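Have a look at the structure below, then the notes.
Read the numbers this way: they start at 1 and go in the same order the structure lists the ligands and their atoms. Since the structure is predicted, the reported quantities are computational estimates derived from the model, not experimental observations. Computed from heavy atoms alone, side chains included, the values below leave out hydrogens, waters and symmetry copies.
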Amino acid sequence: MSKVTVVGAGKYGSTTVQRIAEWDIVDEVVMTDIVDGLPQGLALDMNQSRPVLGYRTKVVGTNDYADTADSDVVVITAGLPRKPGMSRMDLLGVNAGIVRTVTEEIVKYSPNAVIVVVTNPLDQMTTLAAEVSGFPKNRVLGQAGMLDSARFAHFISEAADVDILSVTAVTLGSHGETMVPVPSLCAVGDTPLTEALDADTIDELVDRTRKGGAEIVAYLKTGSAYYAPSAAAASMVRAIIEDSNAEMPVCAWMEGQYGIDGVYLGVIAKLGRAGVNEIAEIGLTDSEQTALAEAAVAVAEKVTDLKEIDY
Ligand code: APR
């Protein structure tokens, strides 16, 4: 029996559960949250959509980690968004506390799981989950690159007025300022991006991608994006569950690839039942390689913040 748990039944978590369930790729998806009744109600509602859409995966809503036992994959979405008056360090402290507790429970009940972290700040939370779990680092990874690449692809398709499915877009590094777009690997059909769009337009799209989350938050006023984020996280779960070895941009532990060691960083990796099977070292231009190395330094600095707040 294959089983996936999603911790956090908020917007991101519940949409991730819905996508995985509707794909009908696992027997059971467990959704858990600290709010009593929330995962139970959402699960009941989702399960009633099964005869309409024609899938069998059962969703279990619970507040009890015992129900998550023996999961193959656990997605951590639990966390708080930044509230007015909260500093970046305050948020880091709150979410670090949540991710630590959640990870301890996961280890207790699903010692062989692959953990996919999506809670922000992503690099720190992925690093923390890896440290707290004590799992081999290939079994703990984070979601960021799939989302940034998808956003970049969307903006390219709009600007070039082409079929979204003809666009290849790649971003590495990390979320936000340290995102590393890789124009040399981006294309519209068979045409390199650098020939399809002028340099100024590409720069504008890169900037918009970097700020992609904030643009949506500004529209929504409360809450943040979850449709594209959950599509990204669910796709990672699918590759792991199906042991497909599919290549996708993820936040993975670096062990010398691109000359970078001992840090979680957004790179292209092959995913399967073991988590990260292999990090693909794709050919980068000198400036892209430099940007990736700088992103690694920036992430390593951010991780020291965790030590400052004693996590
Ligand atoms: N255990 C389980 N669930 C928890 C815990 C905990 N210790 N602490 C909080 N939660 C739950 C909340 O009750 C809430 O239902 O996490 C959920 C978070 O949901 P939302 O506030 O809707 O946030 P969401 O949009 O889903 O984003 C979750 O993903 O993209 C990141 O920055 C985002 O870190 C945030 C996370």
- Task: Answer with side chain, backbone, both or neither: which part of L38 has a heavy atom less than 4.0 angstrom from an atom of ligand 1?
- Result: side chain

- Message: Could you work out, for atom 20 (P) of ligand 1, the closest of P121, G10, G13 by heavy-atom distance?
- Response: G10

- Query: Below 4.5 Å, heavy atoms only, C-beta onward: do D261 and E255 meet side chain to side chain?
  - Reply: yes

- Item | Minimum heavy-atom distance I25-I20, with the two atoms named | CG1-O, 4.0 Å

- Message: Could you identify the single nearest non-hydrogen protein atom to atom 21 (O) of ligand 1 and state the distance to 0.1 Å?
- Response: P81 CD, 4.1 Å

- Message: Check this for me, if you would: do K108 and E104 make a salt bridge, where the nitrogen-to-carboxylate-oxygen distance has to be below 4.0 angstrom?
- Response: no

- Task: In plain terms, say whether D72 and R273 are close enough for a salt bridge, that is, a side-chain N and a carboxylate O under 4.0 Å apart.
- Result: yes

- Which ligand 1 atoms are under 4.0 Å away from a heavy-atom of V35? 13 (O)

- Task: Can you pull out the closest protein heavy atom to atom 34 (O) of ligand 1? Residue, atom name and distance to 0.1 Å, please.
- Result: N120 N, 3.1 Å

- Note on the structure: Per side-chain contact (heavy atoms from CB on, under 4.5 Å), I202 is matched among I156, L197, D207 by L197

- Counting from 1 in the order shown, the ligand 1 atoms closer than 4.0 Å to a non-hydrogen atom of T77 are 28 (C), 36 (C)

- Task: Answer with side chain, backbone, both or neither: which part of T119 has a heavy atom less than 4.0 angstrom from an atom of ligand 1?
- Result: both

- Answer yes when E278 and K270 have at least one side-chain N-carboxylate O distance shorter than 4.0 Å, and no when they do not. yes

- Note on the structure: min-distance protein heavy atom vs atom 18 (C) of ligand 1 -> G79 O, 3.4 Å

- Message: Under 4.0 Å from atom 26 (O) of ligand 1, is there at least one protein heavy atom?
- Response: yes

- Query: If we only count N/O pairs under 3.5 Å, is K11 in contact with ligand 1?
  - Reply: yes

- Query: What is the nearest protein non-hydrogen atom to atom 13 (O) of ligand 1, stated with its residue, atom name and distance?
  - Reply: D33 OD1, 2.7 Å

- Message: Could you tell me, atom by atom, which parts of ligand 1 come under 4.0 Å of a heavy atom of Y12?
- Response: 24 (P), 25 (O), 26 (O), 27 (O), 29 (O), 30 (O), 31 (C)

- Task: Would you check if V4 and I241 make a side-chain contact, meaning some heavy-atom pair closer than 4.5 Å?
- Result: yes

- Look up atom CD in E105 and atom OG1 in T32, then write down how far apart they are to the nearest 0.5 Å. 9.0 Å

- Message: Can you report which non-hydrogen protein atom sits closest to atom 7 (N) of ligand 1, along with the distance?
- Response: I98 CG2, 3.6 Å

- Output yes when R208 and E215 qualify as a salt bridge under the 4.0 Å nitrogen-oxygen rule, no when they do not. yes

- Measure the distance from atom 6 (C) of ligand 1 to every protein heavy atom, then report the residue, atom name and distance (to 0.1 Å) of the closest one. I34 CG2, 3.6 Å

